[in-house]
Amino acid sequence: MSHRTIHLFRKGLRLHDNPTLLAALKSSEIVFPVYILDRKFMTSAMQLGTIRWHFLLQSLADLQASLKKLNSCLWIIQGEYEAILREHVKKWNITQVTFDDEIEPFYKEMERTIQNIGKEMGFEVFSMVGHTLYDVKRIVELNRGTPPLTYKRFLQILTTLGDPEMPVEDLTAENSQKLCPLPEEDLDECYRVPLPEDLGISKEHLSPWRGGETTGLQRLEEHMKNQGWIAKFTKPRTIPNSLLPSTTGLSPYFSLGCLSVRMFFYRLSKIYAQSKNHSLPPVSLQGQLLWREFFYTVASATPNFTKMVGNPICLQIEWYEDAEKLHKWKTAQTGFPWIDAIMTQLRQEGWIHHLARHAVACFLTRGDLWISWEEGMKVFEELLLDSDYSINAGNWMWLSASAFFHQYSRIFCPVRFGKRTDPEGHYIRKYLPVLKNFPSKYIYEPWTAPAEAQREAGCIIGKEYPFPMVNHKEVSDNNLQLMKQVREEQYKTAQLTRDDVDDPMEMGLKHRHSEEVTPKGKHARKAEEL
Ligand code: FAD
């Protein structure tokens with residue numbers, strides 16, 4: 001049967017390696033590419049913050065422009081998704097609705113709703129996996145129905161599965177002839193990408209990141225020119241406080257599916273095949289994609305993955321509730337320039353380096369403030385361009401040592417961590433201009449500068465910039481004891497599953513930051529015996 005199809009874009013905002021859309025074209029006489037802009041759903045379920053709204057609108061505009069080049073269009077329809085779908089199924093005599101299979105509970109719920117509407121209105125529903133390397137359900141099945149909780153175990157299962165599916169062909173004028181032609185001009189106006197101000201979103205933002213498949217592909221191609229860098233990429237050696245990203249900076253594009261992870265995976269394989277020796281997982285670039293896959297797999301099969309309560313893999317910890325301290329962390333007023341510079345970059349630009357994420361996440365949770373990882377995750381959700389249900393929660397559990405990560409005695413020092421790779425504090429000077437005139441020896445600890453040096457720098461600590469909100473040594477010693485106690489009490493639980501070789505990314509860090517890890521000695525050793 002030849003269908004009349006709505007292809008519903010949710011993530012997967014691209015025309016390269018889009019298996020669901022390609023399959024829809026093969027089974028249909030006409031395909032309407034649709035994006036339903038359901039603001040209620042997007043604000044409540046997806047937690048879109050301002051910067052990500054801009055990025056999304058840019059990505060939609062890019063997709064629309066690319067579809068126009070194929071003589072079609074992207075129907076961007078605003079409203080509640082159920083009502084919009086019903087209306088357009090009727091209006092266009094739709095017999096099939098297609099969309100990428102996603103793992104997030106809010107998308108799963110949407111899928112069930114669409115299935116039910118389909119039964120009621122008589123259309124078929126078809127979906128394929130396009131956002132991950134594998135169908136993560138297969139990985140869980142092969143692990144006897146439970147998600148693998150260590151990277152090592154995860155990789156073992158992948159050996160059984162073999163390589164991911166190859167990317168499918170890009171959409172071209174030849175294979176996209178069934179796309180519905182451009183609507184007439186007035187319709188074009190109705191279906192255009194809304195302006196931020198139409199949605200009540202502030203026009204102003206400082207983010208240099210631009211959304212869309214075109215920019216994502218350009219960024220990827222730039223990296224591909226540097227084959228040596230790709231082959232030797234070793235994540236722990238990348239610099240958290242470089243002024244331009246020292247890693248690929250592709251995460252915002254993967255997160256909305258402007259770029260295909262399978263395509264990237266195979267582009268990397270090609271480079272690895274041509275290089276004499278290349279880095280390997282977990283620290284290589286393919287290893288990074290596998291971390292992504294790992295968190296997607298665990299998230300797909302873990303109830304309440306983004307919460308502590310009711311989450312079977314997460315340690316149950318009595319974190320402090322302290323709105324004032326949380327606010328200081330969130331708004332870059334901790335008094336630790338390294339932490340505040342990172343939080344400023346996050347707020348202004350929507351992207352920070354992985355190790356910078358480590359620094360601020362450790363500081364908020366088990367390191368200094370003993371505030372729940374869920375609070376930090378929500379702030380990241382609001383501010384990160386690459387915010388992702390599985391990866392964000394997974395990494396927050398990791399950093400707070402609530403799951404996956406066990407070397408909890410290693411606490412990042414909010415002074416020394418950043419200093420190692422940027423002793424002059426260029427990064428701090430850029431993001432915290434109030435401190436820019438401090439001599440390098442004080443830039444990470446401006447409160448130690450004599451009064452005269454502070455006057456000369458034009459910034460009096462306690463007035464123009466806050467004193468540190470905690471005594472790092474004292475609070476981190478105390479928190480280490482709390483964590484040790486929690487783990488002793490809950491030592492029998494599944495979340496303490498571990499492989500000793502499972503934290504090699506952290507081992508890389510240990511190597512570089514060994515002297516930053518506090519505290520050492522008796523307690524740490526005892527704790528690590530767990
Ligand atoms: P690269 O190093 O170039 O890696 C390439 C790709 O691999 C990334 O784009 C990403 O898709 C994937 N990747 C890399 N590191 C990880 C990782 N540790 N876990 C899973 N996938 C990874 N990443 C997100 O995409 N969304 C999030 O919401 C997110 N939240 C995080 C929260 C915390 C507390 C921490 C510590 C990390 C978080 N990360 C998140 C993981 C990681 O920091 C980013 O993926 C990475 O920094 C993005 O930069 P990049 O594209 O240059 O990465």
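Quick caveat: nothing in here was measured; it's all calculated off a predicted structure. Just follow the structure's listing: the first ligand is 1, and inside any ligand the first atom is 1.
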- For Glu109, does the CD atom sit with more than 12 other heavy atoms under 6.0 Å from it, leaving out its own atoms? no
- Message: Restricting to side chain to side chain contact (heavy atoms under 4.5 Å, CB included), what partner residues turn up for Val486, sequence neighbours left out?
- Response: Leu315, Ile317, Gln490
- Item | Residue Trp351 vicinity, atoms of ligand 1 by number, heavy atom under 4.0 Å | 48 (C), 49 (O), 52 (O)
- Measure Phe294 to ligand 1 on non-hydrogen atoms and call it side chain, backbone, both or neither using the 4.0 Å cut-off. neither
- Message: Looking at non-hydrogen atoms alone, which of Arg292, Glu293, Glu381 comes nearest to atom 21 (N) of ligand 1?
- Response: Arg292
- Item | Interfacing atoms of ligand 1 (cut-off 4.0 Å, heavy-atom, Leu285) | 3 (O)
- Item | Working for salt bridge (Lys or Arg N to Asp or Glu O under 4.0 Å), residues Glu165 and Arg262 | CA-CA 7 Å; Glu165 298 231 357; Arg262 286 181 191 161; 5.0 Å; no
- Any side-chain donor near an acceptor of the partner, Thr238 and His353, under 3.5 Å: yes
- Report the C-alpha separation of His472 and Val415 in whole Å, then their side-chain angles, then the decisive distance to 0.1 Å, and conclude whether the side chain to side chain contact (heavy atoms under 4.5 Å, CB included) test is met. CA-CA 9 Å; His472 170 69; Val415 171; over 6 Å; no
- Task: Find all atoms of ligand 1 within a distance of less than 4.0 Å from any non-hydrogen atom belonging to Leu399, and give their numbers and elements.
- Result: 36 (C)
- Note on the structure: In ligand 1, the atoms that come under 4.0 Å of a heavy atom of Thr248 are 1 (P), 3 (O), 5 (C), 50 (P), 51 (O), 52 (O)
- Taking the six-membered ring for Trp, are the ring centroids of Trp329 and Phe363 within less than 6.0 Å of each other? no
- Note on the structure: Any heavy atom of Trp398 under 4.0 Å from ligand 1? The part involved is neither
- Note on the structure: Among Leu385, Ile352, Asn392, closest by heavy atom to atom 30 (N) of ligand 1 is Asn392
- Can Thr214 and Asp62 be counted as having a side-chain donor-acceptor contact under 3.5 angstrom? yes
- Message: Any side-chain to backbone donor/acceptor pair from Glu293 onto Leu133? Under 3.5 Å, distance only.
- Response: yes
- Query: Just heavy atoms, cut-off under 4.0 Å: does Lys235 contact ligand 1 by side chain, backbone, both, or neither?
  - Reply: side chain
- Query: Which is it for Phe233 and ligand 1 at heavy atoms under 4.0 Å: side chain, backbone, both or neither?
  - Reply: side chain
- Shortest reach to atom 26 (N) of ligand 1 by a heavy atom, considering only Thr365, Ile391, Asp386: Asp386
- Counting each atom of ligand 1 from 1 as listed, which ones have a heavy atom of Ser387 under 4.0 Å away? 28 (O)
- Between Ser251 and Trp351: side-chain donor-acceptor atoms closer than 3.5 Å: yes
- Message: Quick check: His358 and ligand 1, any N/O pair under 3.5 Å apart?
- Response: no
- Message: Heavy atoms only, cut-off 4.0 Å: how does Thr238 contact ligand 1, side chain, backbone, both, or neither?
- Response: neither
- Message: Quick check on contacts: which atoms of ligand 1 are under 4.0 angstrom from a heavy atom of Phe380?
- Response: 32 (C), 33 (C), 34 (C)
- Query: Looking just at side-chain N and O atoms, do Arg153 and Asn143 make a donor-acceptor pair shorter than 3.5 Å?
  - Reply: yes
- Task: Using a 4.0 Å heavy-atom threshold (strictly under), name the region of Val261 that reaches ligand 1: side chain, backbone, both or neither.
- Result: neither
- Query: Does an N or O from Trp291, backbone or side chain, lie closer than 3.5 Å to an N or O of ligand 1?
  - Reply: no
- Query: In terms of ring plane angle, is the pair Phe294 and Phe404 parallel, tilted or perpendicular, where the classes change at 30° and 60°?
  - Reply: perpendicular
- Note on the structure: In ligand 1, the atoms that come under 4.0 Å of a heavy atom of Phe295 are 19 (N), 20 (C)
- Item | Residue that, paired with Asp368, satisfies side-chain contact (heavy atoms from CB on, under 4.5 Å) out of Thr334, Asn471, Val470 | Val470
- Out of Arg357, Arg219, Gln288, His223, whose heavy atom sits nearest atom 40 (C) of ligand 1? Arg357
- Message: By the definition side-chain contact (heavy atoms from CB on, under 4.5 Å), identify the one residue from Ile103, Val136, Thr132 that meets it with Thr297.
- Response: Val136
- N/O to N/O below 3.5 Å, does that happen between Phe254 and ligand 1? no
- Touching ligand 1 at all, Gly249? Heavy atoms, strictly under 4.0 Å? yes
- Task: Can you establish whether the number of heavy atoms outside Lys430 located under 6.0 Å from its atom NZ is more than 12?
- Result: yes
- Message: I want to know if ligand 1 touches His354 in the polar sense, i.e. an N/O pair below 3.5 angstrom.
- Response: yes
- Query: Can you check whether Leu250 has an N/O within less than 3.5 Å of an N/O in ligand 1?
  - Reply: yes
